Amino acid sequence: MIGLPDTITACLFDLDGVLTGTAAQHREAWKRTFDDFLRARDGDAFSPFTDADYASYVDGRPRADGVRTFLSSRGIELPEGNPGDDIDAATVNGVGNRKNQLVLKIIEEEGVTPYPGSVRYLEAAKAAGLRIGVVTSSANGAKVLDAADLTRFVEARIDGIVIVERGLRGKPAPDSFLAGAEAFGVSPEHAAVFEDALAGVQAGKEGRFGYVVGVNRAHQAGELLAHGADVVVDDLAELLEDEK
């Protein structure tokens, strides 16, 4: 009684914005990072990073992909650099490392709070005997799960570290979600994807998953449906309430 088709045996949850409120912290870190970069580069012609930019080019994607995709939208191309690049380096990795330093600082200062409705849903899914996995582009997935006291629910985690190690394509490609299903030994049609990012919902659709739940944290219900969500909710607890 958790609002999913009877054929679903595994649930694959995005983390930031679906289980925890950390999407807002990521968005803040990206804005500060890109605004500082663009202001130094463009001077009086500076045009700030917007919420629309975040939704279109960054949200849900691996860090380096987000840097490339957004900067490309502004006609900017940077060398890749190396993963250990200094945060002031004018490279894809340098910009990404600057963002990661900022988001970790913000999370340390503000903490991590899970959405109460998401915790209720995880409890219900576990009680129903469904397998629970987390699929996130963030390399900080383990830290965030621990800080939010959600690790106890998670049987498999595909995060930014795993994505790089395995050479998986980032969302909107379905690779990371397919890896999550594979971890449970289930085919995609027997797994449900839970996503707040347009890129993540698209990944669920392209992977032909059995059910794609769009979580409307950014007032983009129509866009989530257009990108492939089977249903859109403002909070995961609504799926439980629908069954009452």
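Just so you know, these numbers use all the heavy atoms, side chains as well, and skip hydrogens, waters and symmetry mates. Being a predicted model, the structure only gives us computed values, none of them experimental.
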Among the clusters formed by ILVMFWY side chains lying less than 4.5 Å apart, do Val231 and Phe13 turn up in the same one? yes
Start with the C-alpha distance between Val103 and Asn140, add both sets of side-chain angles, then the distance that settles side chain to side chain contact (heavy atoms under 4.5 Å, CB included), and finish with yes or no. CA-CA 10 Å; Val103 78; Asn140 304 310; 4.1 Å; yes
Interatomic distance, Phe49 atom CZ to Phe34 atom CZ [nearest 0.5 angstrom]: 5.5 Å
When you check the side-chain N and O atoms of Thr136 and Ser138, is any donor under 3.5 Å from an acceptor? no
I want to check something: taking the side chain as every heavy atom from C-beta on, are Asp51 and Arg27 in contact at a cut-off of under 4.5 Å? yes
Donor-acceptor pair, distance only, cut-off 3.5 Å: does the side chain of Asn216 make one with the backbone of Ala221? yes
Report yes or no: do Val119 and Leu239 belong to one cluster of Ile/Leu/Val/Met/Phe/Trp/Tyr joined by side chain heavy-atom distances under 4.5 Å? yes
Test your reading of the model: is there a side-chain donor-acceptor pair from Arg152 to the backbone of Asp149, 3.5 Å cut-off? yes
Single-linkage hydrophobic cluster Val144~Val162, side-chain heavy atoms < 4.5 angstrom: no
Would the number of heavy atoms belonging to other residues, nucleotides or ligands and lying under 6.0 Å from CD of Glu189 be above 12? yes
Smallest heavy-atom separation, Asp235 atom then Ser118 atom, equals OD1-N, 4.4 Å
When hydrophobic residues are tied together by side-chain contacts of less than 4.5 Å, even through go-betweens, does Leu4 share a cluster with Val193? no
Are any non-hydrogen side-chain atoms of Leu130 and Ile2 less than 4.5 angstrom apart? yes
Distance-minimising heavy-atom pair for Ser137 and Ile163: CA-CD1, 4.1 Å
Check: Asp53 main-chain N/O paired with Thr50 side-chain donor or acceptor under 3.5 Å: yes
Do the side chains of Leu178 and Phe209 get nearer than 4.5 Å, heavy atoms only? yes
Candidate pair Lys171 and Val135, rule side chain to side chain contact (heavy atoms under 4.5 Å, CB included), full reasoning: CA-CA 10 Å; Lys171 304 169 187 176; Val135 178; 4.2 Å; yes
Measure the OG-CG distance between Ser56 and Leu198 for me, rounded to the nearest 0.5 Å. 7.0 Å
Measure the CD-CD1 distance between Glu28 and Ile107 for me, rounded to the nearest 0.5 Å. 10.5 Å
Heavy-atom neighbours of Glu182 CD exceed 12 at 6.0 Å: no
Could you state whether Leu168 and Val134 fall into the same hydrophobic cluster, counting links through intermediate Ile, Leu, Val, Met, Phe, Trp or Tyr residues with side-chain heavy atoms under 4.5 angstrom apart? no
Closest non-hydrogen atom pair between Gly141 and Arg157, with its separation: C-CD, 4.2 Å
Could you tell me whether the side chain of Val67 reaches within less than 4.5 Å of the side chain of Val95, counting heavy atoms only? yes
Validation row: Phe153, Leu19 side chains within 4.5 angstrom (heavy atoms): no
Yes or no on side chain to side chain contact (heavy atoms under 4.5 Å, CB included) for Lys99 and Phe37, after CA distance, side-chain angles and deciding distance? CA-CA 11 Å; Lys99 179 267 173 179; Phe37 174 85; over 6 Å; no
Tightest non-hydrogen contact, residues Asp196 and Leu224, listed as O-CD2, 3.7 Å
Side chain of Asp65, backbone of Arg61: donor and acceptor closer than 3.5 Å? no
Looking at Asp59 and Tyr54, would you say the former's side chain and the latter's main chain have a donor-acceptor pair under 3.5 Å? no
Distance col, row Lys205:NZ vs Gln202:CD, nearest 0.5 angstrom, shows 8.5 Å
May I ask you to decide if Thr69's main-chain N or O and Ser72's side chain share a donor-acceptor pair within less than 3.5 Å? no
Between Arg166 and Asp175, does at least one N-O distance fall below 4.0 Å, as a salt bridge requires? no
Output, in order, the C-alpha distance, side-chain angles, deciding distance and verdict of side chain to side chain contact (heavy atoms under 4.5 Å, CB included) for Glu238 and Asp234. CA-CA 7 Å; Glu238 293 176 27; Asp234 292 332; 3.1 Å; yes
Any idea which heavy atoms bring Pro174 and Ala203 closest together, and the distance? CB-O, 3.3 Å
Can the positive tip of Arg217 be found less than 6.0 Å from the middle of the six-membered ring of Tyr115, inside 45° of the ring normal? yes
Answer yes or no: is there an ion pair linking Arg39 with Asp42, defined by an N-O contact shorter than 4.0 Å? no
Kindly give the heavy-atom pair with the smallest separation between Val186 and Ala10, and that separation in Å. CG2-CB, 4.1 Å
For Arg68, is there an ion pair with Glu77 - N to carboxylate O distance below 4.0 angstrom? no
How long is the gap from OG1 on Thr9 to NE2 on His190, to the nearest 0.5 Å? 6.5 Å
Find out whether Val213 and Asp230 are in side-chain contact, i.e. whether some heavy atom of one side chain is under 4.5 Å from a heavy atom of the other. no
Given Phe194, which partner from the list Val18, Leu15, Val212, Leu12 fulfils the side-chain contact (heavy atoms from CB on, under 4.5 Å) test? Val18
Tell me, do Leu236 and Val215 make a side-chain contact under 4.5 Å, heavy atoms counted? yes
Would you find more than 12 non-hydrogen atoms of other residues, nucleotides or ligands less than 6.0 Å from Tyr211 atom OH? yes
Whether the side chain of Asp85 engages the backbone of Asn82 through a donor-acceptor N/O pair (distance < 3.5 Å, no angle test) should be reported. yes
Which value, rounded to the nearest 0.5 Å, describes the distance between Cys11 atom SG and Ile132 atom CD1? 6.5 Å
Taking the side chain as C-beta and beyond, is there a heavy-atom pair between Pro172 and His227 under 4.5 Å? no
